[in-house]
Asks: 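Mind having a look at this structure? Questions to follow.
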Amino acid sequence: MIDISISEVGKYENEKVCIKGWLYNQRSSGKIKFMIIRDGTGFLQGTLVKSEMEEKYFDMLDDLNYESSIIVEGEIKSEKRAPSGYEMLVKTIQVVHNAEKDYPISLKKHGVGFLMNYRHLWMRTQRQNAILRIRTEIVKIIHNFLNQKGFCLVESPILTPAACEGTTTLFETDYFGDKAYLTQSGQLYNEASAMAFGKVYCFGPTFRAEKSKTRRHLMEFWMVEPEAAYFDFQDNNKLQEEMIVAIAKHVLEHCPLELKILERDTSMLENIQAPFPYLSYDDAIKVIQKKGSDTQWGDDLSGEDETIISGQYKKPVFIHHFPTKCKAFYMKPDPERPETVLGADLIAPEGFGEIIGGGQRIDDYKLIKERIKEFNLPEDDYQWYIDLRKYGSVPHSGFGLGIERTVAWICNLPHIRETIPFPRMLNKIYP
Ligand code: 4AD
Ligand code: MG
């Protein structure tokens, strides 16, 4: 008998197979019983017919608790009504471990706060599983896409001596008597790597001590950050556009079952095609003020501002040319209009808000030194970064895409906390 995964049942119609997994659910109606077995790759209905199997196996199901680990053997049958199109006619059950009776998160409705305390078990459920599987597919396509485009993975450090995205959200740690910080972004190191390898990206966890409780913020989140030499603002936006189109297409092709479980309106994803619209920051301010926002020219956009703009589009939209004074120190001012920068945020549609921040970097030695001073950053810690403007400086650009926000948008989730296996939220670090 052959061992198979539930994800591949379609290849085994009318064959006898063995599946190793867990008992997700069960019900019986006399001479026929149903179980749902899950094995990590999917969920499959098993049917137990009294007249077609040994009685001891038929009876066994009644004594099994939720989430017991079991190995089942049986025949795969086509079943139009099942989500995967198949079910198993069960012949034998082997119990590996009969779980305790008091499974704390049985399949009835619970609040998210309660479930988050059982995240280690909650991730076994169909919906959570679908979200996290879409996440892994998104990560996979990003690597494939960037590799195909000639970008090479060069890691940035997690422990750093200095800030990248402002000093207010740093997680501080002791580094043998000195202060060190968990990285907020791999960008600055990426810039060094880009001068060594041309086109690079880093992909890792980043940390922000955001003292705000919003549906878009985590303390620890994953970011993919491409950076390239001889790459300008427009090249950078083009790459973002292509990457987002590739993500939507990949998820549509590879996760139809997961999207169905999440009841995602797939026409919204089919719509994600180039070209994406552009909205200048100046125009964005007009749009949000008309809707009652009191954000003024010169302020960064708030979460609510992003929601307003985001709700008006069916595709991601680039908001570009932010005021120099509201963006990070490394952003290159537009030579034509130096009070604004050659940077853009990509705002996801359907009210989801910013998923990417990026732009062209300052490549001028004098200017970068000035900006570091203006921002009160310790020049000594940035000496290596300044060096990049001394030895073979070139126009270069890059961006950072937040994985969790992207997953939230693709899956249409109201809150970012379900998009990462173990979310780190304000004042909450369990499990
Ligand atoms: O816009 P941000 O702060 O940009 C940077 O860090 C740049 N240094 C990236 C670069 O150019 N290499 O962050 C980039 C993205 C945001 O658009 C958002 O998707 C995500 O990271 N992000 C967060 N996601 C979850 N929780 C948070 N607290 C986040 N902060 C940023
Ligand atoms: Mg940003």
Side-chain angles (χ1 to χ4, degrees), residues 111-123 128 131-132 134-136 138-139 142 155-175 178-190 201-225 300-307 326-329 345-348 351-358 375 377 381 399-411 413-431:
V112 174
F114 175 82
L115 290 166
M116 269 300 170
N117 282 330
Y118 290 98
R119 184 61 171 165
H120 52 299
L121 304 177
W122 191 27
M123 62 201 298
Q128 296 305 311
I131 295 167
L132 294 177
I134 287 177
R135 177 190 171 104
T136 78
I138 289 176
V139 170
I142 288 172
E155 287 89 0
S156 292
I158 305 275
L159 286 168
T160 62
C164 176
E165 293 298 319
T167 50
T168 53
T169 62
L170 286 170
F171 273 110
E172 192 180 304
T173 179
D174 172 69
Y175 198 76
D178 282 331
K179 278 182 186 168
Y181 309 97
L182 298 183
T183 186
Q184 299 166 308
S185 157
Q187 179 197 322
L188 305 188
Y189 294 93
N190 258 351
Y201 70 105
C202 65
F203 200 150
T206 46
F207 305 87
R208 308 256 172 113
E210 309 259 11
K211 291 197 189 67
S212 55
K213 228 181 192 166
T214 84
R215 62 194 172 96
R216 294 183 185 145
H217 288 93
L218 294 169
M219 307 301 126
E220 177 181 307
F221 62 97
W222 284 66
M223 189 161 31
V224 57
E225 299 183 83
D300 203 356
L301 301 181
S302 70
E304 290 91 82
D305 296 337
E306 284 173 20
T307 307
C326 77
K327 285 291 184 189
F329 75 96
D345 283 357
L346 188 68
I347 307 292
F352 280 90
E354 180 194 333
I355 52 171
I356 292 181
F375 275 72
L377 298 169
D381 290 338
F399 64 90
L401 169 125
I403 296 303
E404 291 74 17
R405 290 198 193 169
T406 304
V407 175
W409 161 51
I410 294 285
C411 296
L413 307 176
H415 199 295
I416 198 175
R417 63 196 160 186
E418 293 173 36
T419 64
I420 186 166
F422 296 97
R424 297 311 178 215
M425 295 181 294
L426 190 63
N427 304 325
K428 189 165 183 341
I429 194 168
Y430 177 89

Asks: Measure the spacing between SG of Cys202 and CG of Asn190 and express it to the nearest 0.5 Å.
Replies: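 With rounding to 0.5 Å, SG (Cys202) is 4.0 Å from CG (Asn190).
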Asks: Spell out, as yes or no, whether a donor-acceptor pair under 3.5 Å connects the side chain of Arg405 to the backbone of Glu354.
Replies: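 Yes; at least one donor-acceptor contact below 3.5 Å.
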Asks: Answer yes or no: is there a donor N or O on one side and an acceptor on the other, between the side chain of Ser185 and the main chain of Gln187, under 3.5 Å?
Replies: yes
Asks: Looking only at atom types and distance, does a side-chain atom of Thr183 sit under 3.5 Å from a main-chain N or O of Thr206, one as donor and one as acceptor?
Replies: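 It does not hold such a pair.
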Asks: Is there a side-chain contact between Leu301 and Asp345 (heavy atoms, below 4.5 Å)?
Replies: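 They are not in side-chain contact.
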Asks: How close do Glu210 and Leu426 get, counting heavy atoms only, and between which atoms?
Replies: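 Minimum heavy-atom contact is O-CD1, 3.8 Å.
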Asks: Should Lys428 and Met219 count as side-chain neighbours, where that means a heavy-atom distance under 4.5 Å?
Replies: no
Asks: Side chains of residues 417-425: which donor-acceptor pairs under 3.5 Å do they make with residues two or more places apart or in other chains?
Replies:
unit_1, atom_1, unit_2, atom_2, d
Glu418, OE1, Gln128, NE2, 2.9
Thr419, OG1, Ile416, O, 2.6
Arg424, NH1, Pro431, O, 2.9
Arg424, NH2, Pro431, O, 3.4

Asks: Measuring from atom CD1 of Ile355 to atom CH2 of Trp409, what distance do you get when rounded to the nearest 0.5 angstrom?
Replies: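 Answer for the CD1-CH2 pair, Ile355 versus Trp409, is 5.0 Å.
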Asks: How many angstroms lie between atom CG of Leu170 and atom OH of Tyr181, to the nearest 0.5 angstrom?
Replies: 6.0 Å
Asks: Side chains of Thr160 and Leu188, heavy atoms from C-beta outward: is any pair under 4.5 Å?
Replies: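 Sidechains of Leu188 and Thr160: no contact.
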Asks: CG/Leu182 to CZ/Arg208 distance, rounded to the nearest 0.5 angstrom?
Replies: 12.0 Å
Asks: Can you measure from CD1 (Ile410) to CD1 (Ile138) and round to the nearest 0.5 angstrom?
Replies: 5.0 Å
Asks: If you take all heavy atoms of Asp381 and Ala162, which pair is closest and at what distance?
Replies: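 Asp381 and Ala162 have their closest heavy atoms at CB-CB, 4.0 Å.
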Asks: With a 4.5 Å cut-off on side-chain heavy atoms, are Trp222 and Thr406 touching?
Replies: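 A side-chain contact under 4.5 Å is absent here.
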Asks: Spell out, as yes or no, whether a donor-acceptor pair under 3.5 Å connects the side chain of Arg216 to the backbone of Phe352.
Replies: yes
Asks: Just verifying a value: how many Å separate Met223 CE and Ser156 OG, rounded to the nearest 0.5 Å?
Replies: 9.5 Å
Asks: Within a strict 4.5 Å, meaning less than it, do heavy atoms of the Asn117 and Tyr430 side chains meet?
Replies: yes
Asks: Between Gly351 and Thr307, which heavy-atom pair has the shortest distance, and what is it?
Replies: O-CG2, 3.8 Å
Asks: Can you tell me if Gln184 uses its side chain to pair, donor with acceptor, with the backbone of Glu165 under 3.5 Å?
Replies: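 Yes; judged by distance alone, with no hydrogens or angles, the pair exists.
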Asks: Quick check: closest heavy atoms across Phe375 and Ala328, and the distance to 0.1 Å?
Replies: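 Nearest heavy atoms, Phe375 then Ala328: CZ-C, 4.1 Å.
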Asks: For Glu220, give me all partners under side chain to side chain donor-acceptor pair (under 3.5 Å), at least two apart in sequence or on another chain.
Replies: none
Asks: So which atom in Phe329 and which in Cys164 form the shortest heavy-atom distance, rounded to 0.1 Å?
Replies: CE2-O, 4.0 Å
Asks: Assess whether atom NZ of Lys211 is packed by more than 12 heavy atoms of other residues, nucleotides or ligands within 6.0 Å.
Replies: no
